[in-house]
Amino acid sequence: MARAYDHRSIEEKWQARWRDEGTYEVDNDDPRAKFYALCMYPYPSGPAHQGHVRNYTFGDLVVRYQTMRGRAVLSPLGFDSFGLPAENAAIRTGTHPRIFTDARIAELKESLVRLGAVYDWRREVRSHDPSYIHWNQVIFLRLLKAGLAYRASAPVNWCPGCQTVLANEQVLADGTCERSGDVVVVRDLEQWFFRITAYADELLDSLGELDWPERVKVMQRNWIGRSEGAEINLSVVGRPDLTLTVFTTRPDTTFGMTYAVMAPEHPLVDEVTTEDCRAGVDELRARVTGASEIERTATAEAGPALDKRGAFTGSYVVNPMNEEQVPLYVADYVLMGYGTGAIMAVPAEDKRDWAFAQAYGLPIVRTVAPPEGWDEQGGGAYAGDGVKINSGFLDGLGVADAKRQAIEHLERMGHGRRTVNYRLRDWLVSRQRFWGCPIPIVYCPADGAVSVPEDQLPVLAPTDVEFLPTGQSPLAHHEGFLHTTCPRCGGPATRETDTMDTFVDSSWYFLRFCDPFDAAAPFDATAATHWMPVDQYIGGVEHAILHLMYARFFTRALIDVGIAPLDLGREPFRRLFTQGMIRMGGSKMSKSKGNLIAPARYYETVGADALRLFHLFVGPPTDDFDWTEQTDEVIEGCGRFLDRLWRLVESASAGEGRDGDLSAADLEVRRATHRTIAQVTSDIERWSYNTAVAHCMEQVNLLQRYAREGSHAEVLAEGCDALLLLLAPMAPHVTAELWERRHGDHLHARPWPEHDSSLVLEETVTMVVQVNGKVRERLEVAASIGEEEARAAALASPRIQEALSGGAPLRVVARPPRLVNVVTA
RNA sequence: GCGGACGUGGCGGAACCGGUAGACGCGCCGGGUUUAGGUCCCGGUCCCUUCGGGGGUGGAGGUUCGAGUCCUCUCGUCCGCACCA
């Protein structure tokens with residue numbers, strides 16, 4: 001595409017200027033009001049893709065805009081540089097992950113620089129830097145000391161493909177690994193955990209105060225999954241030594257319990273299973289425990305018939321409300337991982353229990369009267385509110401009251417207690433991988449798991465490792481790394497070979513950015529309290545749950561263990577913006593799908609400014625965008641717009657236009673200029689970048705016409721200057737160049753333009769006159785027109801008189817100066 | 001199944017408080033410049049029309065002087081969670 005200017009040399013020139021002059025470097029003692037703008041730091045996978053371009057264009061716009069607004073803007077960037085791809089590449093090619101990763105970082109960084117995105121690169125943080133590893137390990141040990149990290153044997157999600165443990169969050173709904181797609185199986189392993197559940201209530205409650213997208217908050221709320229209810233202890237008939245504890249959110253329905261169910265993995269299953277029932281129970285357990293998540297999940301719909309999904313244990317438990325003995329089953333629809341792994345089954349008020357009861361011919365007793373006509377309309381379990389029945393002392397109450405009284409009764413009788421249950425699990429951080437932050441622990445035959453003393457940190461992975469496709473971390477075979485001495489007794493010991501989940505790294509990097517120069521602490525307390533919280537955080541929705549929840553947890557935990565100062569706010573991200581995805585043919589544009597359209601070619605053809613403008617213009621930033629065959633034409637359209645801007649401003653700079661007094665037409669142009677300033681400013685404030693660009697386009701069209709039809713030099717100059725200032729955060733290179741050619745100074749050091757409010761209001765406006773809601777006339781009237789005048793002007797119009805055809809108006813609604821509606825019927 | 005978001009021209013989208021529906025751009029049509037193509041410039045572009053108008057924001061109702069916008073129902077698309085007791 002032929003351009004009106006040489007975008008390549010201009011973009012190169014300004015990128016060098018911003019770098020060499022340190023335009024966007026900011027010191028911790030900067031006296032201006034602070035603004036912390038942060039884009040989620042990227043995993044370095046090579047040159048930027050369109051998703052990065054979109055993300056970092058938004059972020060860069062915020063940085064440049066807030067800078068022009070006079071703020072000291074902290075704009076750091078780093079790299080989430082630990083992770084599987086580098087390790088897989090190492091196995092494939094024999095290259096050390098560090099070499100591979102550093103090369104990818106260099107590529108990504110270069111393509112972000114070419115986009116014109118500006119950062120204080122002095123603050124760059126990379127997860128695999130020894131200093132970052134050091135502080136990561138210090139944090140781990142402090143959490144351990146405070147009891148917020150612990151080691152436990154737990155059933156974990158094991159991915160046979162990745163040969164590693166996955167967090168629940170990394171297992172997809174169909175039971176496959178989110179990374180490799182392999183079917184995940186369950187195994188028991190000794191693992192390290194972070195006690196995020198200790199913060200469940202706080203993480204839930206303080207969601208309310210965040211200026212975040214509602215859907216992200218909803219997702220976090222659901223993920224924490226707080227539910228209030230009771231634990232009830234059921235005695236097992238004939239086994240006074242055993243108690244089966246169940247969790248329920250409906251203690252009011254206990255009278256309706258007609259059986260009980262335990263998960264197949266429940267530890268008491270063997271104890272309660274009688275000899276004649278053992279075969280059936282074992283068969284069920286064999287199917288379930290050997291099964292992968294995918295098979296088990298599949299049973300919900302496509303699996304074995306319902307009557308194959310449970311087995312009678314041969315034992316009975318006692319309903320504490322009415323002393324009745326009810327059968328105890330094992331069934332796969334009860335999960336060991338939630339609540340107590342056992343339930344009291346109330347088929348009348350729970351649809352899963354209802355279906356199971358039907359399949360096994362178990363009795364159903366309603367304890368809430370369903371609404372009129374319930375059974376006629378299909379019946380089944382009724383989980384709604386209503387009057388309690390068949391429930392002894394609860395009869396006649398509503399559900400809420402009955403819950404309260406049922407719990408009180410159970411507590412009084414010693415049969416149970418009020419509890420709160422969460423869906424949220426503790427965070428499993430162990431990974432059987434090389435390319436991650438080593439867990440600083442040593443195992444001693446005498447002393448057990450011992451912390452590596454802080455003065456011996458960081459524990460770094462050795463560099464002389466061989467990467468073999470064994471599926472096991474090279475750390476586990478590296479004799480030099482593995483064997484050490486116990487810090488406590490000095491005897492021979494072995495190192496922990498697991499590394500930390502990379503979500504640990506991303507849980508505090510925003511704090512490190514405040515003061516990455518500090519060699520004595522992860523960050524300086526004063527610097528952190530100065531810059532935090534992040535005023536604007538920008539990233540993809542895919543991090544709505546994991547990263548954002550872990551970071552919120554970490555910020556609190558770091559304060560509570562004394563690493564972060566007490567006066568640091570407990571919420572790290574004040575405002576969150578989540579951008580839409582770029583899709584192609586319905587699926588996400590990604591490397592793995594092979595449908596990437598590299599930004600680099602556009603840097604050559606139309607330039608970074610045009611590409612940025614395209615990403616801003618094409619639709620609301622929150623919306624997904626479909627990349628189609630038409631897209632290149634839209635990008636070229638953005639290039640054409642910049643060409644028109646160039647020609648317009650250059651001709652104005654050449655001194656086009658007359659002197660002397662302003663005509664009415666000149667004044668109109670001034671008004672348009674100030675209206676544009678007001679509109680674009682408010683568009684940017686409310687993240688409506690697509691309309692901000694549109695308003696600038698409109699203004700270019702207007703000034704072009706104005707210049708052609710005879711302009712006043714000062715009015716044209718004012719219009720052009722405003723346009724350059726408004727476009728500066730969006731298309732930073734070309735506007736800076738045009739500005740320099742006009743004024744000789746640096747556009748990005750200028751303050752944001754202010755509109756003159758006396759010029760924003762139009763002098764005359766088009767007033768619409770409706771008859772019965774239909775537009776019948778448009779009149780040019782003074783913007784200051786009053787209600788009576790407007791009414792009179794409307795009724796005086798011949799076209800309105802004609803439309804009324806003599807009929808008298810019943811009512812006239814006047815909303816001056818925009819509209820008058822004459823009502824006749 | 002539960003929770004959330006959203007349905008507007010050929011396309012991406014605009015309409016912020018209930019007040020001119022379709023800004024801006026892409027595409028398309030016509031004209032000018034040009035030997036021609038491209039670029040650039042000008043004009044047109046929701047549908048129907050007997051040129052008076054009439055219809056129109058997924059569909060059906062409702063509130064209102066007035067509804068893309070608010071309410072009820074309904075259909076469809078997308079996203080998240082999903083045997084959570």
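Chain letters run A, B, ... following the sequence lines, proteins first, then strands; residues in each count from 1.
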message: Taking A:Thr197's backbone N and O only, do any of them form a donor-acceptor pair with A:Asp426's side chain (distance below 3.5 Å, no angle check)?
response: yes
Under 3.5 Å, sequence neighbours excluded: what are the donor-acceptor pairs made by side chains of residues 704-711 of chain A?
from: A:Tyr706; atom 1: OH; to: A:Asp666; atom 2: OD1; distance (Å): 2.6
from: A:Tyr706; atom 1: OH; to: A:His712; atom 2: N; distance (Å): 2.9

Output a table of nitrogen or oxygen pairs between the protein and nucleotides 41-47 of chain B separated by less than 3.5 Å.
from: B:rC41; atom 1: OP1; to: A:Gln704; atom 2: NE2; distance (Å): 3.4
from: B:rC42; atom 1: OP1; to: A:Arg708; atom 2: NH1; distance (Å): 2.5
from: B:rC42; atom 1: OP1; to: A:Arg708; atom 2: NH2; distance (Å): 3.4

statement: Rounded to whole Å, the CG-C1' distance (A:Asp350 to B:rC83) equals 9 Å
field: Inter-nucleotide P distance (B:rG10, B:rG58), Å rounded
entry: 13 Å
task: Pick the P atom in B:rC46 and in B:rG25, then give their distance to the nearest Å.
output: 15 Å
task: Have a look at B:rG9 and give me syn or anti from its glycosidic angle (syn if within 90° of zero).
output: syn
- prompt: Can you find a side chain N or O atom of A:Lys774 that sits less than 4.0 Å from OP1 or OP2 on B:rG55?
  reply: yes
- prompt: Looking only at atom P, what distance separates B:rC81 and B:rA15, rounded to whole Å?
  reply: 31 Å
- prompt: For the pair made of CZ in A:Phe641 and P in B:rC40, what is the distance, rounded to whole Å?
  reply: 14 Å
field: A:Glu604 backbone acceptor or donor facing A:His7 side chain under 3.5 Å
entry: yes
A:Asn421 side chain vs A:Ser227 backbone, donor-acceptor pair below 3.5 Å: no
message: Just to verify, what does A:Trp354 make a ring pair (Phe, Tyr, Trp, His ring centres under 6.0 Å) with, not counting sequence neighbours?
response: none
Pairwise P distance for B:rC26 and B:rG76, with rounding to whole Å: 37 Å
message: Checking the side chain of A:Arg425 only, and the main-chain atoms of A:Gly337 only, is there a donor and an acceptor separated by less than 3.5 Å?
response: yes
task: Using a 4.0 Å heavy-atom cut-off, write out nucleotides 5-15 of chain B from 5' to 3' as B (base contacted by protein), S (sugar-phosphate only) or - (no contact).
output: -----BBBSSS
- prompt: So which pairs with a foot in residues 771-782 of chain A pass salt bridge (Lys or Arg N to Asp or Glu O under 4.0 Å), sequence neighbours left out?
  reply: A:Glu777-A:Arg799
- prompt: In whole angstroms, how far is the P atom of B:rC81 from the CD1 atom of A:Ile224?
  reply: 15 Å
- request: Specify the separation, in whole Å, of atom NE2 of A:His695 and atom P of B:rG25.
  value: 12 Å
Spacing of A:Arg776 atom CZ relative to B:rG54 atom C1', expressed in whole Å: 10 Å
- request: Would you list the pairs meeting salt bridge (Lys or Arg N to Asp or Glu O under 4.0 Å) in which at least one residue belongs to residues 783-794 of chain A, sequence neighbours left out?
  value: A:Glu787-A:Arg791, A:Glu788-A:Arg791
task: Could you work out the separation of B:rG31 and B:rG54 based on their C1' atoms and round it to a whole Å?
output: 32 Å
field: Any residue meeting salt bridge (charged side-chain N to carboxylate O under 4.0 Å, His left out) with A:Arg644, in chain and number order, not counting sequence neighbours
entry: none
Geometric cation-pi criterion, A:Arg583 with A:Trp627: 6.0 Å, 45°: no
- request: Applying side chain to side chain donor-acceptor pair (under 3.5 Å), name anything that partners A:Glu633, two or more places apart in sequence or on another chain.
  value: none
- prompt: Which class fits the ring pair A:Tyr329 and A:Tyr360: parallel under 30°, tilted 30 to 60°, perpendicular over 60°?
  reply: perpendicular
Nearest-Å distance once atom P is located in both B:rC11 and B:rG62: 30 Å
message: What is the distance, to the nearest angstrom, from the CG atom on A:Leu546 to the P atom on B:rG80?
response: 13 Å
query: Atom CD of A:Glu636 and atom P of B:rU39: how far apart are they, to the nearest Å?
result: 9 Å
- line: On RNA chain B, more 5' by nearest nucleotide between A:Arg811 and A:Ile343 is A:Arg811
message: Syn or anti for B:rC17, given that syn means the glycosidic angle lies within 90° of 0?
response: syn
Summary of salt bridge (Lys or Arg N to Asp or Glu O under 4.0 Å) pairs that have at least one residue in residues 246-263 of chain A, sequence neighbours excluded: A:Arg250-A:Asp252, A:Asp252-A:Lys388
Polar-atom pairs under 3.5 Å, protein N or O versus N or O of nucleotides 29-34 of chain B: list them with distances, or write none.
none

Every protein N/O lying under 3.5 Å from an N/O of nucleotides 18-20 of chain B:
from: B:rG19; atom 1: O6; to: A:Arg815; atom 2: NE; distance (Å): 3.1
from: B:rG19; atom 1: O6; to: A:Arg815; atom 2: NH2; distance (Å): 3.4
from: B:rU20; atom 1: O2; to: A:Arg778; atom 2: NH1; distance (Å): 2.2

message: Looking only at the side chain of A:Ala694 (C-beta and beyond, no hydrogens), which of the listed nucleotides B:rA85, B:rC65, B:rC24 gets closest?
response: B:rC24
query: Is a donor on one side and an acceptor on the other found under 3.5 Å between the side chain of A:Asn319 and the backbone of A:Thr254?
result: yes
task: Please answer whether the main-chain N or O of A:Ile196 pairs with a side-chain N or O of A:Tyr550 as donor and acceptor at a distance below 3.5 Å.
output: no
query: Side chain of A:Asp350, backbone of A:Asp353: donor and acceptor closer than 3.5 Å?
result: yes
Rounded C1' spacing from B:rG3 to B:rU8 in Å: 27 Å
- prompt: In whole Å, what separates the C1' atom of B:rG68 from that of B:rC16?
  reply: 14 Å
task: Return the orientation label for the A:Tyr689 and A:Trp687 ring planes: parallel under 30°, perpendicular over 60°, tilted otherwise.
output: tilted
query: Do any N or O atoms from the side chain of A:Arg612 and from the backbone of A:Pro729 form a donor-acceptor pair under 3.5 angstrom?
result: yes
- prompt: Base of B:rG52 relative to its sugar, syn (within 90° of 0) or anti?
  reply: syn
- request: Starting from the 5' end of RNA chain B, give me the residue, A:Asn701 or A:Tyr338, whose nearest nucleotide shows up first.
  value: A:Asn701
query: How long is the line joining CE of A:Met697 and C1' of B:rC26, in whole Å?
result: 10 Å
statement: All stems that RNA chain B takes part in, i.e. 3 or more consecutive Watson-Crick or G-U pairs with distances under 3.5 Å, are B:1-7 with B:75-81, B:10-12 with B:24-26, B:27-32 with B:40-45, B:46-48 with B:53-55, B:58-62 with B:70-74
